[in-house]
Amino acid sequence: MSHVETRMTLNGKEVTGHAPADTTLVRWLREQAHAYEVKEGCNEGTCGTCTVLVDGRSATGCTTLAVQVDGARVETSASLAEGEELSPLQAKFWETGASQCGFCTQGMLMSAVELLRSGDEVTPAKVREHLHGNLCRCTGYQAIVDAVVKAAEEGATR
Ligand code: FES
Ligand code: FES
């Protein structure tokens, strides 16, 4: 398949790649932009670990083609920390033990960021509903729910 040029703003920086037209966004981010924080798990839209924000809305990178987001603004979890300092949401994940092996964490964080920025009231039930597409094999979810609720209580948006 012929290669196509795709450009996007990734975490505030312009990036350009050349890849086959059927390259998924998660594969493009990892192979063209070296955004290795974005994980590839089930590759069929089920686990949520590849979740990123595209123009502010969550999308699974394995069910989105890179060419579909040409010209878009893409955010990954690498945008959250400032230097060595964790973002408020990441700090809550740390404090509550919401990340164990960490494989799901990038997607959890980005889905949670979408909720925190939505303006909706962030209750435990709302967190569970919003993160229903993000699977975790390690934590049992309660620590993740606690982390997002605590972050919301402090007005965090990242
Ligand atoms: S790798 Fe994309 S949803 Fe699982
Ligand atoms: S922390 Fe291991 S899958 Fe969630």
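Position 1 is the first residue of the sequence; numbering continues from there. Start at 1 and go down the list; that is how both ligands and their atoms are numbered.
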Counting from 1, what ligand 1 atoms have a heavy atom of [X] closer than 4.0 Å?
X: Asn43; value: 1 (S), 4 (Fe)
X: Cys42; value: 1 (S), 3 (S), 4 (Fe)
X: Gly45; value: 3 (S)
X: Gly41; value: 1 (S)
X: Thr46; value: 3 (S)

Single-linkage hydrophobic cluster [X]~[Y], side-chain heavy atoms < 4.5 angstrom:
X: Val54; Y: Val26; value: yes
X: Val15; Y: Val67; value: no
X: Val122; Y: Leu89; value: yes

Can you tell me if [X] and [Y] form a side-chain donor-acceptor pair at under 3.5 Å?
X: Thr96; Y: Asp146; value: no
X: Glu37; Y: Thr76; value: yes
X: Gln32; Y: His18; value: no

Which residue and heavy atom of the protein sit nearest atom 1 (S) of ligand 2, plus the separation: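 Going by distance alone, atom 1 (S) of ligand 2 is nearest to Gln100 N, 3.3 Å.
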Top protein contact for atom 3 (S) of ligand 1, by heavy-atom distance: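 Sorting protein heavy atoms by distance from atom 3 (S) of ligand 1 puts Gly48 N, 3.1 Å first.
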For ligand 1, the portion of Thr63 having any non-hydrogen atom under 4.0 Å away: neither
The one among Gly61, Gly133, Cys47 that brings a heavy atom closest to atom 4 (Fe) of ligand 1: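 Ranked by closest heavy atom to atom 4 (Fe) of ligand 1, first place is Cys47.
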With heavy atoms of [X] as the reference, note each atom of ligand 2 found under 4.0 Å away.
X: Gly102; value: 1 (S), 2 (Fe)
X: Cys104; value: 1 (S), 3 (S), 4 (Fe)
X: Cys136; value: 1 (S), 3 (S), 4 (Fe)
X: Arg137; value: 3 (S)

SB check Lys150 Glu95 (cutoff 4.0 Å): no
Closest heavy-atom pair and its distance - Gly97, Thr139: O-CG2, 4.1 Å
Asn134 to Ser111 - nearest heavy-atom pair and separation: OD1-OG, 2.9 Å
Geometry at atom 2 (Fe) of ligand 2 - Cys138 SG versus Cys101 SG angle, rounded to 10 degrees: 100°
